[in-house]
**Q** 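Once you've had a glance at the structure underneath, I'll fire off some questions.
Note on naming: letters A, B, ... go to the chains in the order of the sequence lines (proteins, then strands), and numbering restarts at 1 for each one.
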There are 2 protein chains.
Amino acid sequence: MPSWLLTQTGNHAHRLVTDEFASVQARGYHYRLLATLEEFGPASQAALGRRTEIHVSDMVATVNELAGRGLVERAPDPADRRRNIITLTDAGTRQLRVLEERLAASQEALLAPLSAEERQRLTALLSTLLDHHDRRPDAADSPSR
Amino acid sequence: MPSWLLTQTGNHAHRLVTDEFASVQARGYHYRLLATLEEFGPASQAALGRRTEIHVSDMVATVNELAGRGLVERAPDPADRRRNIITLTDAGTRQLRVLEERLAASQEALLAPLSAEERQRLTALLSTLLDHHDRRPDAADSPSR
DNA sequence: CCGAATCGTTGGGTCCACTAACGATTGGTG
DNA sequence: CACCAATCGTTAGTGGACCCAACGATTCGG
(Lines give C-alpha, C1' and ligand atoms only; values in the text may rest on other atoms or scores of the structure.)
Protein backbone atom coordinates (compact mmCIF):
# COMPACT_ATOMS: atom_id res chain seq x y z
CA MET A 1 0.00 0.00 0.00
CA PRO A 2 2.08 2.82 -1.39
CA SER A 3 0.12 5.68 0.08
CA TRP A 4 0.63 4.17 3.50
CA LEU A 5 4.33 3.91 2.76
CA LEU A 6 4.38 7.45 1.55
CA THR A 7 2.61 8.93 4.50
CA GLN A 8 4.76 6.92 6.86
CA THR A 9 8.08 7.78 5.31
CA GLY A 10 6.86 11.31 4.86
CA ASN A 11 6.21 11.23 8.54
CA HIS A 12 9.65 10.02 9.39
CA ALA A 13 11.14 12.64 7.15
CA HIS A 14 8.98 15.26 8.72
CA ARG A 15 9.93 14.22 12.23
CA LEU A 16 13.63 14.18 11.47
CA VAL A 17 13.52 17.61 9.91
CA THR A 18 11.26 19.05 12.56
CA ASP A 19 13.49 17.80 15.35
CA GLU A 20 16.58 19.24 13.76
CA PHE A 21 14.89 22.58 13.28
CA ALA A 22 13.52 22.53 16.80
CA SER A 23 17.04 22.23 18.13
CA VAL A 24 17.61 25.78 16.95
CA GLN A 25 14.14 27.03 17.86
CA ALA A 26 12.92 26.99 14.29
CA ARG A 27 10.30 25.17 12.31
CA GLY A 28 9.58 24.34 8.73
CA TYR A 29 7.84 27.55 7.87
CA HIS A 30 10.82 29.56 9.04
CA TYR A 31 13.16 27.73 6.74
CA ARG A 32 10.83 27.93 3.79
CA LEU A 33 10.34 31.62 4.22
CA LEU A 34 14.00 32.48 4.78
CA ALA A 35 15.08 30.37 1.85
CA THR A 36 12.52 31.94 -0.44
CA LEU A 37 13.53 35.41 0.64
CA GLU A 38 17.14 34.70 -0.17
CA GLU A 39 16.31 33.20 -3.51
CA PHE A 40 13.87 35.80 -4.76
CA GLY A 41 14.64 38.84 -2.66
CA PRO A 42 12.24 41.03 -0.70
CA ALA A 43 8.58 40.62 -1.44
CA SER A 44 5.13 41.22 -0.03
CA GLN A 45 3.59 38.68 2.30
CA ALA A 46 1.02 37.63 -0.25
CA ALA A 47 3.70 37.07 -2.88
CA LEU A 48 5.73 35.06 -0.40
CA GLY A 49 2.67 33.05 0.43
CA ARG A 50 2.25 32.10 -3.20
CA ARG A 51 5.86 31.17 -3.63
CA THR A 52 6.27 29.21 -0.42
CA GLU A 53 2.77 27.74 -0.46
CA ILE A 54 2.42 28.92 3.08
CA HIS A 55 -1.12 29.98 3.71
CA VAL A 56 -1.43 33.73 3.93
CA SER A 57 -2.88 33.57 7.41
CA ASP A 58 0.04 31.46 8.61
CA MET A 59 2.36 33.86 6.88
CA VAL A 60 1.33 36.53 9.34
CA ALA A 61 2.40 34.43 12.30
CA THR A 62 5.59 33.28 10.62
CA VAL A 63 6.67 36.80 9.77
CA ASN A 64 5.79 37.87 13.29
CA GLU A 65 8.06 35.23 14.73
CA LEU A 66 10.95 35.89 12.41
CA ALA A 67 10.65 39.65 12.68
CA GLY A 68 10.52 39.37 16.46
CA ARG A 69 13.92 37.73 16.35
CA GLY A 70 15.34 40.19 13.86
CA LEU A 71 15.69 37.63 11.09
CA VAL A 72 13.48 39.53 8.68
CA GLU A 73 12.20 43.06 8.48
CA ARG A 74 8.63 44.04 7.81
CA ALA A 75 8.19 47.47 6.24
CA PRO A 76 5.22 49.04 4.54
CA ASP A 77 5.49 49.37 0.78
CA PRO A 78 5.42 53.08 -0.09
CA ALA A 79 4.18 52.26 -3.56
CA ASP A 80 1.21 50.24 -2.37
CA ARG A 81 0.11 50.85 1.14
CA ARG A 82 -1.73 47.57 1.34
CA ARG A 83 1.53 45.71 1.18
CA ASN A 84 4.24 44.90 3.67
CA ILE A 85 7.62 44.27 2.17
CA ILE A 86 9.56 41.54 3.91
CA THR A 87 13.33 41.70 3.77
CA LEU A 88 15.94 39.22 4.88
CA THR A 89 18.39 40.65 7.41
CA ASP A 90 21.99 39.61 7.89
CA ALA A 91 21.02 37.72 11.00
CA GLY A 92 18.35 36.03 8.92
CA THR A 93 20.91 34.96 6.37
CA ARG A 94 23.10 33.51 9.10
CA GLN A 95 20.15 31.64 10.54
CA LEU A 96 19.37 30.31 7.09
CA ARG A 97 22.87 28.87 6.86
CA VAL A 98 22.33 27.12 10.18
CA LEU A 99 19.02 25.71 9.05
CA GLU A 100 20.56 24.46 5.84
CA GLU A 101 23.13 22.57 7.86
CA ARG A 102 20.42 20.99 9.94
CA LEU A 103 18.47 20.09 6.90
CA ALA A 104 21.46 18.40 5.33
CA ALA A 105 22.02 16.46 8.51
CA SER A 106 18.50 15.11 8.65
CA GLN A 107 18.70 14.35 4.95
CA GLU A 108 21.68 12.16 5.59
CA ALA A 109 19.95 10.43 8.46
CA LEU A 110 16.87 9.85 6.41
CA LEU A 111 18.53 8.45 3.32
CA ALA A 112 21.25 6.55 5.12
CA PRO A 113 20.21 3.12 3.84
CA LEU A 114 20.10 4.21 0.20
CA SER A 115 22.89 4.32 -2.33
CA ALA A 116 23.53 7.45 -4.32
CA GLU A 117 21.86 5.87 -7.29
CA GLU A 118 18.82 4.88 -5.33
CA ARG A 119 18.55 8.35 -3.90
CA GLN A 120 18.44 9.76 -7.37
CA ARG A 121 15.78 7.35 -8.45
CA LEU A 122 13.68 8.15 -5.41
CA THR A 123 14.06 11.85 -6.02
CA ALA A 124 13.02 11.45 -9.62
CA LEU A 125 9.93 9.44 -8.79
CA LEU A 126 8.85 11.84 -6.10
CA SER A 127 9.40 14.78 -8.39
CA THR A 128 7.14 13.22 -10.95
CA LEU A 129 4.42 12.80 -8.38
CA LEU A 130 4.80 16.31 -7.06
CA ASP A 131 4.78 17.84 -10.49
CA HIS A 132 1.62 16.07 -11.34
CA HIS A 133 -0.20 17.05 -8.19
CA ASP A 134 0.98 20.61 -8.23
CA ARG A 135 -0.30 21.09 -11.72
CA ARG A 136 -3.71 19.59 -11.12
CA PRO A 137 -5.32 22.43 -9.14
CA ASP A 138 -5.54 24.50 -12.36
CA ALA A 139 -8.35 23.75 -14.72
CA ALA A 140 -7.46 24.14 -18.37
CA ASP A 141 -10.02 26.50 -19.76
CA SER A 142 -10.98 28.97 -17.08
CA PRO A 143 -12.05 32.14 -18.92
CA SER A 144 -10.42 34.41 -16.33
CA ARG A 145 -8.87 37.77 -17.30
CA MET B 1 16.33 18.18 -1.52
CA PRO B 2 14.81 14.73 -0.99
CA SER B 3 13.46 15.32 2.47
CA TRP B 4 11.53 18.27 1.12
CA LEU B 5 10.21 16.09 -1.65
CA LEU B 6 9.29 13.40 0.79
CA THR B 7 7.46 15.64 3.19
CA GLN B 8 5.65 17.29 0.32
CA THR B 9 4.57 14.12 -1.43
CA GLY B 10 3.80 12.66 1.95
CA ASN B 11 1.60 15.65 2.41
CA HIS B 12 -0.22 15.16 -0.83
CA ALA B 13 -0.69 11.52 -0.01
CA HIS B 14 -1.92 12.42 3.42
CA ARG B 15 -4.37 14.95 2.07
CA LEU B 16 -5.76 12.58 -0.53
CA VAL B 17 -6.23 9.82 1.98
CA THR B 18 -7.61 12.12 4.65
CA ASP B 19 -10.15 13.58 2.27
CA GLU B 20 -11.31 10.17 1.13
CA PHE B 21 -11.68 9.00 4.70
CA ALA B 22 -13.45 12.17 5.67
CA SER B 23 -16.10 11.46 3.06
CA VAL B 24 -17.18 8.55 5.24
CA GLN B 25 -16.62 10.33 8.56
CA ALA B 26 -13.42 8.50 9.27
CA ARG B 27 -9.79 9.35 9.70
CA GLY B 28 -6.45 7.65 9.52
CA TYR B 29 -6.47 6.32 13.05
CA HIS B 30 -9.78 4.61 12.48
CA TYR B 31 -8.48 2.72 9.52
CA ARG B 32 -5.27 1.79 11.22
CA LEU B 33 -7.07 0.45 14.23
CA LEU B 34 -9.74 -1.45 12.36
CA ALA B 35 -7.19 -3.00 10.02
CA THR B 36 -4.99 -4.05 12.90
CA LEU B 37 -7.91 -5.58 14.74
CA GLU B 38 -8.84 -7.62 11.73
CA GLU B 39 -5.30 -8.78 11.17
CA PHE B 40 -4.40 -9.70 14.74
CA GLY B 41 -7.73 -10.15 16.44
CA PRO B 42 -8.94 -8.65 19.72
CA ALA B 43 -6.35 -7.06 21.95
CA SER B 44 -5.90 -4.60 24.76
CA GLN B 45 -5.59 -0.92 24.01
CA ALA B 46 -1.95 -0.84 25.00
CA ALA B 47 -1.15 -3.76 22.72
CA LEU B 48 -3.02 -2.11 19.88
CA GLY B 49 -1.10 1.07 20.52
CA ARG B 50 2.16 -0.76 20.12
CA ARG B 51 1.09 -2.46 16.93
CA THR B 52 -0.50 0.52 15.24
CA GLU B 53 2.00 3.04 16.59
CA ILE B 54 -0.92 5.07 17.74
CA HIS B 55 -0.08 6.80 20.97
CA VAL B 56 -1.87 5.25 23.91
CA SER B 57 -3.58 8.50 24.76
CA ASP B 58 -4.89 8.88 21.23
CA MET B 59 -5.97 5.28 21.38
CA VAL B 60 -8.48 6.20 24.05
CA ALA B 61 -10.15 8.75 21.82
CA THR B 62 -10.01 6.51 18.76
CA VAL B 63 -11.62 3.61 20.56
CA ASN B 64 -14.22 5.98 21.99
CA GLU B 65 -15.13 7.15 18.54
CA LEU B 66 -15.28 3.70 17.00
CA ALA B 67 -17.09 2.16 19.95
CA GLY B 68 -19.61 5.01 19.86
CA ARG B 69 -20.49 3.98 16.35
CA GLY B 70 -20.59 0.29 17.14
CA LEU B 71 -17.58 -0.53 14.99
CA VAL B 72 -15.61 -2.03 17.86
CA GLU B 73 -16.48 -3.28 21.31
CA ARG B 74 -14.65 -2.40 24.48
CA ALA B 75 -14.94 -4.97 27.23
CA PRO B 76 -12.96 -5.39 30.43
CA ASP B 77 -10.51 -8.28 30.46
CA PRO B 78 -11.61 -10.70 33.20
CA ALA B 79 -8.07 -12.04 33.45
CA ASP B 80 -6.49 -8.63 34.05
CA ARG B 81 -8.78 -5.95 35.25
CA ARG B 82 -6.46 -3.20 34.13
CA ARG B 83 -7.09 -4.11 30.53
CA ASN B 84 -9.85 -3.42 28.08
CA ILE B 85 -10.20 -5.90 25.28
CA ILE B 86 -11.14 -4.33 21.97
CA THR B 87 -13.03 -6.46 19.49
CA LEU B 88 -13.98 -5.77 15.90
CA THR B 89 -17.74 -5.99 15.29
CA ASP B 90 -19.42 -6.99 12.07
CA ALA B 91 -20.27 -3.37 11.41
CA GLY B 92 -16.60 -2.59 11.98
CA THR B 93 -15.60 -5.15 9.40
CA ARG B 94 -17.99 -3.64 6.90
CA GLN B 95 -16.64 -0.18 7.61
CA LEU B 96 -13.14 -1.51 7.11
CA ARG B 97 -14.12 -2.73 3.66
CA VAL B 98 -15.40 0.73 2.82
CA LEU B 99 -12.23 2.36 4.05
CA GLU B 100 -10.14 -0.03 2.02
CA GLU B 101 -12.04 1.01 -1.06
CA ARG B 102 -11.42 4.66 -0.31
CA LEU B 103 -7.79 3.97 0.29
CA ALA B 104 -7.47 2.22 -3.03
CA ALA B 105 -9.12 5.15 -4.74
CA SER B 106 -6.75 7.70 -3.29
CA GLN B 107 -3.90 5.38 -4.09
CA GLU B 108 -4.89 5.47 -7.71
CA ALA B 109 -5.18 9.24 -7.67
CA LEU B 110 -1.84 9.61 -6.01
CA LEU B 111 0.12 7.32 -8.28
CA ALA B 112 -1.67 8.23 -11.47
CA PRO B 113 1.41 9.57 -13.26
CA LEU B 114 3.51 6.48 -12.55
CA SER B 115 3.76 3.28 -14.52
CA ALA B 116 3.32 -0.05 -12.81
CA GLU B 117 7.04 -0.56 -12.89
CA GLU B 118 7.72 2.82 -11.38
CA ARG B 119 5.21 2.19 -8.66
CA GLN B 120 7.01 -0.94 -7.72
CA ARG B 121 10.34 0.80 -7.62
CA LEU B 122 8.94 3.55 -5.46
CA THR B 123 7.38 1.06 -3.11
CA ALA B 124 10.64 -0.81 -2.81
CA LEU B 125 12.65 2.30 -2.06
CA LEU B 126 10.20 3.52 0.53
CA SER B 127 10.08 0.12 2.16
CA THR B 128 13.82 0.18 2.53
CA LEU B 129 13.66 3.53 4.23
CA LEU B 130 10.84 2.53 6.52
CA ASP B 131 12.50 -0.69 7.52
CA HIS B 132 15.62 1.12 8.44
CA HIS B 133 13.92 3.77 10.50
CA ASP B 134 11.58 1.38 12.22
CA ARG B 135 14.46 -0.73 13.34
CA ARG B 136 16.56 2.13 14.62
CA PRO B 137 14.72 2.88 17.87
CA ASP B 138 16.26 -0.28 19.36
CA ALA B 139 19.83 -0.15 20.45
CA ALA B 140 21.79 -3.30 19.75
CA ASP B 141 23.32 -4.24 23.03
CA SER B 142 21.04 -3.15 25.83
CA PRO B 143 21.80 -5.55 28.67
CA SER B 144 18.18 -5.77 29.74
CA ARG B 145 16.82 -9.09 30.95
C1' DC C 1 -16.58 57.29 -9.40
C1' DC C 2 -17.79 52.89 -7.74
C1' DG C 3 -17.50 48.12 -7.53
C1' DA C 4 -14.17 44.36 -7.70
C1' DA C 5 -10.01 42.65 -6.39
C1' DT C 6 -5.93 42.46 -3.39
C1' DC C 7 -3.42 42.70 1.06
C1' DG C 8 -2.79 41.95 5.77
C1' DT C 9 -4.90 40.39 9.89
C1' DT C 10 -7.72 37.88 13.34
C1' DG C 11 -9.80 33.98 15.01
C1' DG C 12 -11.21 29.87 14.37
C1' DG C 13 -10.85 24.48 13.09
C1' DT C 14 -8.72 19.80 11.63
C1' DC C 15 -5.38 15.95 11.81
C1' DC C 16 -1.60 13.76 13.71
C1' DA C 17 1.97 13.21 17.14
C1' DC C 18 3.42 13.62 21.76
C1' DT C 19 3.97 14.80 27.09
C1' DA C 20 2.59 14.83 31.88
C1' DA C 21 0.05 13.32 35.40
C1' DC C 22 -3.25 10.33 37.79
C1' DG C 23 -5.92 6.19 39.84
C1' DA C 24 -6.39 1.44 39.46
C1' DT C 25 -4.50 -2.89 39.06
C1' DT C 26 -0.91 -6.40 38.80
C1' DG C 27 3.59 -8.66 39.64
C1' DG C 28 7.94 -9.39 41.73
C1' DT C 29 11.12 -9.06 45.72
C1' DG C 30 12.44 -8.79 50.11
C1' DC D 1 2.74 -11.10 53.41
C1' DA D 2 3.86 -6.15 52.46
C1' DC D 3 5.45 -3.04 49.50
C1' DC D 4 7.42 -1.06 45.49
C1' DA D 5 7.69 -1.02 40.55
C1' DA D 6 5.58 -1.54 36.39
C1' DT D 7 1.54 -1.64 33.43
C1' DC D 8 -3.06 -0.07 31.78
C1' DG D 9 -6.42 3.20 30.75
C1' DT D 10 -7.74 7.93 31.09
C1' DT D 11 -7.70 13.05 31.10
C1' DA D 12 -5.85 17.25 29.78
C1' DG D 13 -2.96 19.92 27.23
C1' DT D 14 0.98 21.13 23.64
C1' DG D 15 2.65 21.81 19.04
C1' DG D 16 3.33 21.81 13.92
C1' DA D 17 1.31 22.05 9.52
C1' DC D 18 -2.62 23.00 6.80
C1' DC D 19 -6.83 25.42 5.77
C1' DC D 20 -11.38 28.47 5.98
C1' DA D 21 -14.19 32.61 6.75
C1' DA D 22 -14.49 37.19 7.61
C1' DC D 23 -12.96 41.98 8.22
C1' DG D 24 -10.91 46.83 7.27
C1' DA D 25 -7.86 49.13 4.38
C1' DT D 26 -6.21 50.05 0.03
C1' DT D 27 -5.82 49.89 -4.96
C1' DC D 28 -7.38 49.09 -9.66
C1' DG D 29 -10.48 48.82 -13.72
C1' DG D 30 -14.32 50.03 -16.28
Side-chain angles (χ1 to χ4, degrees), chain A residues 4 6-23 25-33 43-65 67 72 74-86 133 137 144-145, chain B residues 3-4 6-23 25-33 43-65 67 72 74-86 137 144-145:
Chain A
W4 174 248
L6 249 183
T7 57
Q8 281 306 293
T9 43
N11 240 326
H12 278 288
H14 180 254
R15 176 166 41 239
L16 286 170
V17 171
T18 296
D19 288 354
E20 281 296 327
F21 281 170
S23 73
Q25 285 77 52
R27 52 203 188 88
Y29 281 1
H30 296 174
Y31 171 74
R32 274 207 239 170
L33 186 48
S44 74
Q45 296 181 193
L48 290 169
R50 285 186 289 265
R51 283 210 268 260
T52 55
E53 302 205 338
I54 293 174
H55 195 281
V56 67
S57 69
D58 297 319
M59 180 62 67
V60 176
T62 306
V63 171
N64 284 345
E65 290 162 16
V72 303
R74 183 198 255 132
D77 183 347
D80 184 341
R81 283 183 300 168
R82 289 171 305 180
R83 289 193 175 101
N84 290 336
I85 295 193
I86 311 301
H133 290 284
S144 69
R145 271 200 139 285
Chain B
S3 58
W4 174 248
L6 250 182
T7 56
Q8 281 306 293
T9 43
N11 240 325
H12 279 288
H14 179 253
R15 174 166 41 239
L16 287 170
V17 172
T18 298
D19 289 353
E20 281 296 327
F21 281 170
S23 74
Q25 285 78 52
R27 51 202 189 87
Y29 282 181
H30 297 175
Y31 171 73
R32 274 207 239 172
L33 186 47
S44 75
Q45 296 183 191
L48 289 170
R50 284 185 289 264
R51 282 210 268 261
T52 55
E53 301 205 341
I54 293 175
H55 195 282
V56 67
S57 70
D58 297 319
M59 181 62 66
V60 176
T62 306
V63 172
N64 284 344
E65 291 161 16
V72 303
R74 183 198 255 130
D77 183 346
D80 183 341
R81 283 184 299 168
R82 289 171 304 179
R83 290 193 174 100
N84 291 335
I85 295 193
I86 312 302
S144 70
R145 270 205 141 282

**Q** Send over the distance from B/Arg74 CZ to D/dC8 P, rounded to a whole Å.
**A**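 That distance rounds to 15 Å.
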**Q** To the nearest angstrom, how far is B/Asp19 atom CG from C/dC16 atom P?
**A**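 Distance, rounded to whole Å: 11 Å.
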**Q** Could you tell me how far apart B/Tyr31 (OH) and C/dC16 (C1') are, to the nearest whole angstrom?
**A**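 Taking atom C1' of C/dC16 as the reference, OH of B/Tyr31 is at 17 Å.
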**Q** Please report, rounded to the nearest Å, how far the C1' atom of C/dC16 is from the NE2 atom of B/His30.
**A**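 Atom-to-atom, B/His30 to C/dC16, this comes out as 12 Å.
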**Q** Please give, in whole Å, the distance from C/dA17 C1' to B/His14 NE2?
**A**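 About 11 Å, once rounded to whole Å.
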**Q** How many whole angstroms separate atom CD of B/Gln25 from atom P of C/dT14?
**A**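 In whole Å, C/dT14 P lies 14 Å from B/Gln25 CD.
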**Q** Out of curiosity, A/Glu53 CD to B/Asn11 CG, how far, rounded to the nearest 0.5 Å?
**A**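 The CG atom of B/Asn11 is 10.0 Å from CD of A/Glu53, to the nearest 0.5 Å.
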**Q** Rounded at 0.5 Å granularity, tell me how far CZ in B/Arg74 sits from CG in B/Asn64.
**A**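 Rounded to the nearest 0.5 Å, the CZ-CG separation comes out at 4.5 Å.
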**Q** For D/dT7, take OP1 and OP2 only and decide whether either is under 4.0 Å from a side-chain N or O of B/Arg50.
**A**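 Indeed not, no polar side-chain atom of B/Arg50 lies that close.
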**Q** Any side-chain N or O of B/Arg83 less than 4.0 Å from the OP1 or OP2 oxygen of C/dT25?
**A**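 For C/dT25, OP1/OP2 do not have a side-chain N/O of B/Arg83 under 4.0 Å.
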**Q** Starting at CD1 of A/Ile86 and ending at P of C/dC7, how long is that distance when rounded to a whole Å?
**A**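 So the CD1-P distance, A/Ile86 to C/dC7, works out to 13 Å.
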**Q** Answer yes or no: does a side-chain N or O of A/Gln45 lie under 4.0 Å from OP1 or OP2 of C/dT6?
**A**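 For C/dT6, neither OP1 nor OP2 has a side-chain N or O of A/Gln45 closer than 4.0 Å.
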**Q** If I take atom CD1 from residue A/Ile54 and atom CG from residue A/Leu48, how far apart are they, to the nearest 0.5 angstrom?
**A**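 Rounded to the nearest 0.5 Å, the CD1-CG separation comes to 8.5 Å.
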**Q** Working note: B/Asp77 + B/Asn84, criterion side-chain contact (heavy atoms from CB on, under 4.5 Å); need CA distance, chi angles, decisive distance, verdict.
**A** CA-CA 5 Å; B/Asp77 183 346; B/Asn84 291 335; over 6 Å; no
**Q** Below 4.0 angstrom from OP1 or OP2 of D/dT10, is there any side-chain N or O of B/Asn64?
**A**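 Result: no.
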**Q** For A/Met59 and C/dT6, give me the distance from atom CE to atom P, rounded to whole Å.
**A**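 Rounded to whole Å, this separation is 17 Å.
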**Q** Could you tell me which residues satisfy ring pair (Phe, Tyr, Trp, His ring centres under 6.0 Å) with B/Tyr29, sequence neighbours excluded, listed by chain and number?
**A**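 Ring pair (Phe, Tyr, Trp, His ring centres under 6.0 Å) list for B/Tyr29, sorted by chain: empty.
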**Q** Please report the interatomic distance CZ(A/Arg32) to CZ(A/Arg51), rounded to the nearest 0.5 Å.
**A**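 Spacing of CZ (A/Arg32) from CZ (A/Arg51) equals 14.5 Å.
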**Q** Do A/Gln45 and A/Arg83 pair up side chain to side chain, a donor and an acceptor below 3.5 Å, judged on atom types alone?
**A**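 No, no side-chain donor-acceptor contact under 3.5 Å.
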**Q** So if I define the base as every atom that isn't primed, P, OP1 or OP2, how would nucleotides 18-30 of chain D read as a B/S/- string at a heavy-atom cutoff under 4.0 Å?
**A** BBB-----BS---
